[in-house]
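Report on the structure given below.
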Protein chains: 2
Amino acid sequence: MTTENATLAAEWRDLLARHARINAALERELQGSHRLSVTEFEALSRLATEDDMGCRLQQLVDDVHMSQSALSRLISRLHDEGLVERRSCVDDRRGIYACITDAGRARLAEAEVTQAAVLARTLHA
Amino acid sequence: MTTENATLAAEWRDLLARHARINAALERELQGSHRLSVTEFEALSRLATEDDMGCRLQQLVDDVHMSQSALSRLISRLHDEGLVERRSCVDDRRGIYACITDAGRARLAEAEVTQAAVLARTLHA
DNA sequence: AGACAATGCATGCACATGCATGTATATTGC
DNA sequence: GCAATATACATGCATGTGCATGCATTGTCT
């Protein structure tokens, strides 16, 4: 009972430490080399899986681990840097389609190299 | 090569999702039931492992996954709630000992029950 | 002993985040 | 068709975080 709880807590501490270590390394290198935060990379990466039409913000919220307001502003930042476009869609004028641009794909492609290197170094370290 | 990178990226996405899911649940329940954030719980939990003398902040920084400035303010918050004491130590007057109070131990004990419940529910879900 | 670097912690600042709310559009019930 | 409700996204606000820096104390070198 108590020992099971201790085991759970220890497992959680491990997960926390692992996440913190990898996330910090990624943040540092992605930001340093490509001016992208981990969450920005995450969103951009998710957008790149879509075809040309893009993706409703509502959809993104489910995949990216962030509140709706945080996502809204994150897309704003990416838009300001020309990495994504915002398109209001015709069939539901409340909806916004976020669509990765060519510049976005280029930036992402560079960043993916860095990400792979960092993960290879830290994920199983 | 590329498939290895994809595997690494997928593993990282899993870790990210897992962390986000559990962390969100913990944050909600610890905050809701005990007015403690996950990081505050973490620090308090770490402090509880020390004997009565407490622990240098410098030591805590290594265990808690946070910057030195964030920790300094976190201890301030816990101090304001009467959960920890700050003692400047005699042998090195730059150093601060953080020491959990009885109220801190009581609050932690309650919160640990909640944490165990949440972890049991979410860690292997 | 005195100058100079290093260490431990606090704080100003910029910024990303979550919550609550606002605005516009869509849907439902009558 | 109209009113009420729900949905999609944006935004004001409070807060927690990291970085750079400041201040006090300690260690080092000569």
Side-chain angles (χ1 to χ4, degrees), chain A residues 16 19-21 23-32 35-44 47 54-81 83-99, chain B residues 16 19-21 23-32 35-44 47 53-81 84-99:
Chain A
L16 222 39
H19 174 270
R21 182 171 49 80
N23 199 62
L26 269 178
E27 193 73 52
R28 186 165 8 93
E29 301 219 13
L30 286 178
Q31 197 65 256
R35 301 205 177 188
L36 286 176
S37 71
V38 170
T39 53
E40 285 161 356
F41 178 92
E42 222 187 318
L44 213 51
L47 279 177
C55 179
R56 289 281 289 261
L57 295 196
Q58 190 64 21
Q59 298 279 11
L60 277 172
V61 173
D62 298 334
D63 298 336
V64 175
H65 312 293
M66 232 194 279
S67 71
Q68 178 265 323
S69 70
L71 176 67
S72 176
R73 284 184 252 244
L74 183 128
I75 295 294
S76 288
R77 292 197 300 273
L78 293 178
H79 174 78
D80 291 347
E81 292 209 38
L83 305 181
V84 309
E85 278 184 6
R86 278 181 143 122
R87 299 179 190 158
S88 56
C89 61
V90 285
D91 53 325
D92 184 346
R93 298 210 310 223
R94 296 169 300 181
I96 298 285
Y97 278 108
C99 180
Chain B
L16 222 39
H19 173 271
R21 183 171 49 79
N23 198 64
L26 270 178
E27 193 72 52
R28 188 167 4 93
E29 303 218 14
L30 286 178
Q31 197 65 256
R35 300 203 178 190
L36 285 176
S37 71
V38 170
T39 52
E40 286 161 355
F41 178 92
E42 221 188 320
L44 213 52
L47 279 177
M53 210 176 58
C55 179
R56 291 280 290 260
L57 296 196
Q58 191 64 21
Q59 298 279 8
L60 277 172
V61 173
D62 298 334
D63 298 337
V64 176
H65 311 295
M66 235 193 300
S67 71
Q68 177 265 323
S69 70
L71 176 67
S72 175
R73 284 184 252 244
L74 184 135
I75 296 294
S76 288
R77 292 196 300 273
L78 294 179
H79 174 76
D80 290 347
E81 293 208 40
V84 309
E85 278 183 6
R86 279 183 142 120
R87 299 179 190 157
S88 56
C89 59
V90 285
D91 52 324
D92 183 346
R93 300 210 311 227
R94 294 169 302 183
I96 299 284
Y97 278 108
C99 180

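In this text the structure is predicted, and so the values were computed from the model without any measurement. Proteins come first, then strands; the chains are lettered A, B, ... in the order of their sequence lines, and each starts at number 1.
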task = Enter the distance from Glu42(A):CD to Met66(A):CE here, rounded to the nearest 0.5 Å.
result = 6.5 Å
key: Rounded distance (Å) that lies between atom P of dC9(C) and atom CG of Asp62(B)   = 11 Å
OP1 or OP2 of dT17(C) under 4.0 Å from side-chain N/O of Thr39(A) = yes
key: Under-4.0 Å side-chain N/O to phosphate OP1/OP2 contact, Arg94(B) with dG27(D)   = no
query = Under 4.0 Å between a side-chain N/O of Arg93(B) and OP1 or OP2 of dC9(C), yes or no?
reply = no
key: Arg93(A) CZ to Cys89(A) SG distance, which is reported to the nearest 0.5 Å   = 10.5 Å
ask   = For the pair made of CG in Asp80(B) and P in dA10(C), what is the distance, rounded to whole Å?
value = 12 Å
message = Which nucleotide wins on minimum distance to the side chain of Ile96(B), given the candidates dG16(D), dA10(D), dA10(C)?
response = dA10(C)
query = Is the base of dA10(D) touched by the side chain of Gln68(A) through a donor-acceptor pair closer than 3.5 angstrom?
reply = yes
ask   = For the atom pair CD1 (Ile96(B)) and OG (Ser72(B)), what is the distance rounded to the nearest 0.5 Å?
value = 9.0 Å
ask   = What is the distance from CG of Leu60(A) to C1' of dA10(D), rounded to the nearest Å?
value = 16 Å
task = Send over the distance from Arg86(A) CZ to dA8(D) P, rounded to a whole Å.
result = 16 Å
inquiry  = Can you work out whether Asp92(A) or Arg73(A) has the more 5'-proximal nearest nucleotide on DNA chain D?
reply    = Asp92(A)
inquiry  = Both Ser76(B) and His65(A) contact DNA chain C. Which one's nearest nucleotide lies toward the 5' end?
reply    = Ser76(B)
note = Checking dA10(D), dA16(C), dC9(C) against the side chain of Arg77(A) (C-beta onward), the nearest is dA16(C)
query = Rounding to a whole Å, what distance do you find between Met66(A):CE and dC15(C):P?
reply = 17 Å
ask   = Please give, in whole Å, the distance from dT11(D) C1' to Leu74(A) CG?
value = 16 Å
Enclosure of Arg35(A) CZ (heavy-atom neighbours >12, cutoff 6.0 Å) = no
remark   = To the nearest 0.5 Å, atom NE2 of His79(A) lies from atom CD of Glu85(A) at 8.5 Å
inquiry  = Between the base of dC19(D) and the side chain of Ser69(B), is there a donor and acceptor pair under 3.5 angstrom?
reply    = yes
key: CG-CD1 distance between Leu83(A) and Ile75(A), expressed to the nearest 0.5 angstrom   = 10.0 Å
Side-chain N or O of Gln58(A) closer than 4.0 Å to phosphate OP1/OP2 of dC9(D) = yes
query = Separation of Glu27(A) atom CD from dT17(C) atom C1', in whole Å?
reply = 13 Å
request  = Could you say whether Ser37(A) or Ala70(B) is positioned toward the 5' end of DNA chain C, judged by the nucleotide with the nearest heavy atom to each?
outcome  = Ala70(B)
inquiry  = Looking at the base of dG18(D), is there any donor atom on it, or on the side chain of Arg28(A), that sits under 3.5 Å from an acceptor on the other one?
reply    = no
message = Whole angstroms only, please: what is the CD-P distance between Gln31(B) and dA14(D)?
response = 17 Å
ask   = For Ser72(B) and dA10(C), is the shortest distance between a side-chain N/O and OP1 or OP2 below 4.0 Å?
value = yes
query = Just to confirm, is there a sub-4.0 Å distance from OP1 or OP2 of dC9(C) to any side-chain nitrogen or oxygen of Arg56(B)?
reply = yes
